[in-house]
Amino acid sequence: MTEPRPDAASARVIDYIAVEDSPRFRQLKKTQRSFVFPLSLAFLAWYFAYVLLSSFAPEFMAQRVWGAITVGLLLGLGQFVTTFAITMGYVAFANRRLDPISAEIREDLEKIERGDA
C-alpha cells in the first residue's frame, strides 16, 4: 500500500541554498570536517613516510623481525590496519555525532515538503 502523494497546493518548494546556509547544516559540515581533515592528513603523512622509507631506507625496511617477516612488510600491513581502523572510527563518529544532526535536518525538510511546516 502506498501513501497518498500530497497535492500540488500543499507541497512546498525547498530552498536548498538556504538549507546549506542554515546554522545546523554549517555545524554538520564543521563537525564532519573536524574529524575528516586531521585524520586524512595524519594518514597521508603515515603513507608518505612508508613510501619514503621504502625508497630511501631500504636497509631499514629489509631488516628481519622474525623469520622472513621484515620491517617493511609489517609497515605495509600496518597501512591496511590503519585504513580499516580509520573507517571503523569514522563510522562510529558519524553514527554518534553526524547522524542525529542530519536526521533533524532531513525531518525538517520532509515536513516542509509535506506542507506540515
Side-chain angles (χ1 to χ4, degrees):
M1 190 175 230
T2 61
E3 291 186 31
R5 296 180 55 101
D7 59 17
S10 66
R12 305 284 189 255
V13 176
I14 297 172
D15 182 2
Y16 289 103
I17 302 298
V19 172
E20 281 187 41
D21 290 336
S22 71
R24 273 196 305 181
F25 192 81
R26 276 188 266 141
Q27 181 62 40
L28 176 67
K29 290 192 303 187
K30 181 180 176 186
T31 303
Q32 191 255 356
R33 288 176 180 162
S34 72
F35 184 90
V36 170
F37 287 152
L39 217 50
S40 296
L41 290 174
F43 182 79
L44 284 173
W46 158 230
Y47 174 75
F48 285 122
Y50 173 74
V51 171
L52 291 172
L53 283 171
S54 66
S55 297
F56 297 108
E59 318 77 44
F60 171 72
M61 298 293 270
Q63 286 181 359
R64 293 191 183 278
V65 176
W66 182 69
I69 308 292
T70 63
V71 171
L73 179 62
L74 291 177
L75 292 177
L77 292 173
Q79 295 286 320
F80 289 100
V81 172
T82 305
T83 301
F84 287 114
I86 289 171
T87 302
M88 291 187 304
Y90 180 76
V91 168
F93 175 80
N95 287 339
R96 188 177 67 254
R97 301 277 308 279
L98 302 178
D99 289 352
I101 299 170
S102 64
E104 289 175 10
I105 294 169
R106 183 180 57 247
E107 287 171 11
D108 289 347
L109 293 175
E110 288 172 351
K111 285 179 185 176
I112 291 169
E113 191 174 59
R114 285 192 310 262
D116 296 348

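FYI, the numbering just counts along the sequence from 1.
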### Message
Once ring pair (Phe, Tyr, Trp, His ring centres under 6.0 Å) is applied, what residue pairs with a partner in residues 58-106 remain, sequence neighbours excluded?
### Response
Phe35-Tyr90, Phe35-Phe93
### Query
Counting only heavy atoms not in Arg26, do more than 12 fall under 6.0 Å of its CZ?
yes
### Task
Examine Val81 and Met61 and state if one hydrophobic cluster contains both, with Ile, Leu, Val, Met, Phe, Trp and Tyr joined whenever side-chain heavy atoms are less than 4.5 Å apart.
no
### Message
Using a 3.5 Å distance criterion without hydrogens, assess whether the side chain of Ser55 forms a donor-acceptor pair with backbone atoms of Leu52.
### Response
no
### Message
For Glu20 versus Lys29, what's the shortest heavy-atom pair and its separation?
### Response
O-NZ, 4.4 Å
#### Entry: Donor-acceptor pair between Thr83 and Gln79 side chains, under 3.5 angstrom
no
Mind listing the side-chain donor-acceptor pairs of residues 38-47 below 3.5 Å, one per line with the distance, residues two or more places apart or on another chain?
{"residue": "Ser40", "atom": "OG", "partner": "Val36", "partner atom": "O", "Å": "2.8"}
{"residue": "Trp46", "atom": "NE1", "partner": "Thr82", "partner atom": "OG1", "Å": "3.1"}

### Task
Rounded to the nearest 0.5 Å, what's the gap from CG on Leu73 to CZ on Arg64? Could you check?
10.5 Å
### Results of ring-ring contact (aromatic ring centres under 6.0 Å, His included) for Tyr50 - residues two or more places apart only
none
### Summary
With Val19 as partner, the option from Ile112, Asp108, Ile14 fulfilling side-chain contact (heavy atoms from CB on, under 4.5 Å) is Ile14
### Summary
When rounded to the nearest 0.5 Å, the distance separating CG of Leu28 from CZ of Arg97 is 10.5 Å
### CG-CD distance between Leu109 and Glu104, expressed to the nearest 0.5 angstrom
12.0 Å
### Query
Linking I/L/V/M/F/W/Y whenever their side-chain heavy atoms sit closer than 4.5 Å, directly or via other members, would Leu53 and Val51 fall into one cluster?
yes
### Minimal non-hydrogen separation, Ala94 against Pro100, with atom names
O-CD, 4.4 Å
### Message
Can you tell me how far apart CD1 (Ile101) and NZ (Lys30) are? Round to the nearest 0.5 Å.
### Response
11.5 Å
### Query
How far does OG1 of Thr31 sit from CZ of Arg96, to the nearest 0.5 angstrom?
11.5 Å
